[in-house]
Colleague: 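Have a look at the structure that comes next, please.
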Amino acid sequence: MSTRIYPLYQRGGPQLRVFLPNFWMKLVRPQQEQPPNVVQFSCSIEMTKFDVKNYLEKIYGVKTVDVRTRIALGKTKRDLVNGYVVKEDDIKYAYAILPKDEVFKFPNLFPKEVEESQKQEEKSLEEAKKIYNQYVDRNKDRPNVPGWFSI
Amino acid sequence: MAAFRNIKSITQISKLFNNAVSNRTVIPANTVLAIRNLSTTKCLGGLMEFFDDEKNWGVNEVKTGKSWSIDELRIKSNSDLHKLWFVLLKERNMLLTMEEESKEETRLFPSPERIDKVEVSMDNLEAVVKERNKAYFELETGETGERKVEEIMGPFGLPVQHEQEEYLIPKHMNAEWQKKHVHDVDNADVKKFVRLYKEKEMREKRQQQTRDFNHVIGLLKRFPDMDMEALKAKYPDVDIDKAKRSRKCRGHFVPK
C-alpha cells in the first residue's frame, strides 16, 4: 500500500502491515458513461487491484465488489520550437464496482457560477435587443440613411 | 515522493508503536489537560469524502491555517501521529480530486497552496517518525535501522550509490542474478567514456581555477588594501602572491 521497502515475505513470516501508506487516489469524472454503481479513480501507478480495494475499504469505509485497473498511455507531443518529443505521464485508472444496490453520481462542483454566468449572458442579450430596437425605432422614417447620420 | 522512497522496513515502525503503547503513562480522568486533543472532522462517510465541503464548491478562496511543523509533531504521541497521517492523506486525496475536476471544467481551483501545506505536513510527520525510529534502533541495536547504501561500480565505469535490498538467494549462489548484473568495466567503450569524462572534469576544474585567478587579480587591482585573510579563505586554490606579481594586477597609477 505504499512505495516503501518491506521485508521479503517468507513462509512463517509476519503479515505485512502498512502503517503510513503514501498512495494517492483521485475520484475522477468517468470519460465513458458507466453503470451507476461504478466509480472511476486515478491512482498511484504502483497500486494493484488489491491495494485499491483495501485502500477504499480500510481508509474510506467503502465496500467494493470488484476493482479493475488500466494504465492509460500519456500523450506524446512534438515541441513546437525545438522539435523534440515530449510525453505526458501515464495514468493508472481504477474502476471500483460498488454493490448492485448502491449508486454514485459525480456531483456538480460548480453550481453557483454556472447560474451566475447564465444570468449575465441573458442580461447582456436583453440589453443588445433593447439597443437594436431603439436603433430600428429611430430610423423608421428615414430608410437608407447610415447609422452615424443623426442630429 | 522521492523522500518517501528510502524508508526503513515497516515492521520497524510497528515495533516502535508497540513500544510506545507499553510505556504510556496513565493520566487520571479528572485531570484537566492543558493540551488540546487531536480534533478530527466529522466522518461524512463514503465517497463524498473525496470532495470538499459543499460550501466551498465554486468559491474563489478557501481560508486555511498553516501546515504542521516538526516541533508541533514532536510532542504528539505515536498513535496521534498515526491518526493524523490518515487525516492528511484523505485531505490530500480530496484536494487532488478537486484540482483535477477544476482542471477538467477549466475553472479556478481555490487556494492551491493547500496541497503544498498538506504535503509539507506529511513530510514533517514522516521525518518525526523516522527520527523516533532511528533513536529506538540506535538504542536497541547500535545501528540506525535505515536502508543501507553502498558504493558500487556502475555500468558506465563510474561509482554509483546502490541501496541494498533483500534477496531470497544469496548473490554468489544466484546464477541468474549474476548474469543480469554483469558490468563489463573493462570494455573499450567504457574505458573511452571514462577517459573523456575525466578529461572533461579536469578541463572544467582548470577553467574554474583560471577564472578565479583572474577574478582575484581584478579584486586586488580595484581594492589593493582588502582583507587578505578573507580573500585567502574565499579562494583557497588561488596563489595570491603570484596574483599580486601579475602585470594585470597593477593599477593605472605610479607605485609608491
Side-chain angles (χ1 to χ4, degrees), chain A residues 1-11 13-31 37-46 55-64 91 93 96 98 102-117, chain B residues 1-14 16-17 43-52 54 56-60 78 81-82 85-86 88-90 92-109 122 125-126 129-130 147 163-168:
Chain A
M1 279 262 270
S2 70
T3 54
R4 299 169 221 281
I5 297 294
Y6 294 96
L8 270 184
Y9 179 76
Q10 276 165 306
R11 185 179 281 189
Q15 192 192 338
L16 184 65
R17 305 275 180 200
V18 181
F19 278 91
L20 305 174
N22 58 8
F23 283 162
W24 55 264
M25 277 184 87
K26 293 180 203 171
L27 209 164
V28 295
R29 196 182 279 279
Q31 289 109 340
N37 63 335
V38 174
V39 192
Q40 189 177 343
F41 294 94
S42 69
C43 56
S44 299
I45 207 140
E46 303 96 335
Y55 197 95
L56 290 174
E57 211 166 298
K58 306 284 180 196
I59 300 177
Y60 286 92
V62 176
K63 288 265 185 306
T64 51
I91 303 171
Y93 286 113
L98 307 176
E102 280 182 31
V103 172
F104 177 77
K105 194 172 173 291
F106 199 92
N108 178 19
L109 299 180
F110 302 96
K112 280 185 211 161
E113 297 246 339
V114 169
E115 276 173 24
E116 267 172 33
S117 65
Chain B
M1 275 301 187
F4 297 147
R5 277 170 207 274
N6 49 355
I7 303 298
K8 62 273 127 188
S9 74
I10 232 70
T11 45
Q12 298 167 359
I13 300 180
S14 76
L16 183 63
F17 280 118
C43 186
L44 295 165
L47 295 167
M48 287 316 280
E49 278 189 87
F50 278 99
F51 301 100
D52 206 350
E54 205 163 332
N56 291 337
W57 291 3
V59 296
N60 288 332
N78 283 327
L81 289 185
H82 196 208
W85 177 265
F86 286 95
L88 292 169
L89 191 76
K90 278 184 178 182
R92 188 178 66 173
N93 283 349
M94 181 276 281
L95 292 170
L96 291 175
T97 301
M98 296 302 279
E99 190 192 29
E100 181 74 19
E101 178 62 9
S102 306
K103 240 183 239 171
E104 285 290 306
E105 298 280 308
T106 55
R107 303 298 283 273
L108 179 82
F109 171 56
M122 288 171 96
L125 198 155
E126 200 161 308
V129 171
K130 219 172 167 180
R147 195 171 172 190
E163 286 184 324
Q164 290 184 348
E165 55 187 301
E166 284 183 308
Y167 292 95
L168 286 173

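Predicted, not measured: the structure shown is a model, and the values here were computed from it. Every chain is numbered from 1, with letters handed out A, B, ... down the list of sequences.
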Colleague: Please round to the nearest 0.5 Å and tell me the distance separating atom CE of M48(B) and atom CG of L27(A).
Modeller: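 CG of L27(A) is found 9.0 Å from CE of M48(B).
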Colleague: With side chains defined as the heavy atoms from C-beta onward, is the minimum distance between E105(B) and L109(A) less than 4.5 Å?
Modeller: no
Colleague: Which atom pair, heavy atoms only, marks the closest approach of Y6(A) to E166(B)?
Modeller: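 Heavy atoms only, the tightest pair is O-OE1, 4.2 Å.
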Colleague: Which value, rounded to the nearest 0.5 Å, describes the distance between R92(B) atom CZ and N22(A) atom CG?
Modeller: 7.0 Å
Colleague: Top residue by heavy-atom pair count (under 4.5 Å) with chain A, among T97(B), L88(B), D52(B)?
Modeller: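 Of the options given, most contacts go to T97(B).
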Colleague: Identify the two heavy atoms, one from F51(B) and one from P107(A), that lie closest to each other, and give their separation to 0.1 Å.
Modeller: CZ-CD, 3.7 Å
Colleague: Please evaluate residues F50(B) and F106(A) with respect to the criterion ring pair (Phe, Tyr, Trp, His ring centres under 6.0 Å), reporting the C-alpha separation (whole Å), side-chain torsions for both, the decisive distance (0.1 Å), and the verdict.
Modeller: CA-CA 11 Å; F50(B) 278 99; F106(A) 199 92; over 10 Å; no
Colleague: Could you pull out the closest heavy-atom pair between P21(A) and W85(B), with the gap in Å?
Modeller: O-NE1, 2.7 Å
Colleague: From L47(B) CG over to F41(A) CZ, what is the distance, rounded to the nearest 0.5 angstrom?
Modeller: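 So the gap between those two atoms works out to 5.0 Å.
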Colleague: Working to the nearest 0.5 Å, report the span between CZ of R4(A) and CD of E126(B).
Modeller: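 Spacing of CZ (R4(A)) from CD (E126(B)) equals 4.5 Å.
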Colleague: With a 4.5 Å heavy-atom cut-off, do L20(A) and H82(B) have their side chains touching?
Modeller: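 Yes; the side chains approach each other to less than 4.5 Å.
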Colleague: Are any non-hydrogen side-chain atoms of L81(B) and F19(A) less than 4.5 angstrom apart?
Modeller: no
Colleague: Rounded to the nearest 0.5 Å, what's the gap from CG on L96(B) to CE on M25(A)? Could you check?
Modeller: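 The CG atom of L96(B) sits 12.0 Å away from the CE atom of M25(A).
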Colleague: For L168(B), is it the side chain, the backbone, both or neither that has a heavy atom under 4.5 Å from a heavy atom of chain A?
Modeller: both
Colleague: With heavy-atom distances below 4.5 Å as the criterion, would you say the side chains of I59(A) and N93(B) are in contact?
Modeller: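 Heavy-atom side-chain distance check fails, nothing below 4.5 Å.
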Colleague: Examine whether an atom of E104(B) lies under 4.5 Å from a heavy atom of chain A, and if so say whether it belongs to the side chain, the backbone or both; otherwise answer neither.
Modeller: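 Answer is neither: E104(B) stays 4.5 Å or more from chain A.
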Colleague: May I ask you to name which of E165(B), E100(B), E99(B) has the most heavy-atom pairs under 4.5 Å with chain A?
Modeller: E100(B)
Colleague: Evaluate whether atom CD of Q164(B) has more than 12 neighbouring non-hydrogen atoms of other residues, nucleotides or ligands under 6.0 angstrom away.
Modeller: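 Count over threshold, so yes.
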Colleague: Looking only at heavy atoms, which two atoms of G58(B) and F110(A) are closest? And how far apart?
Modeller: CA-CD2, 3.8 Å
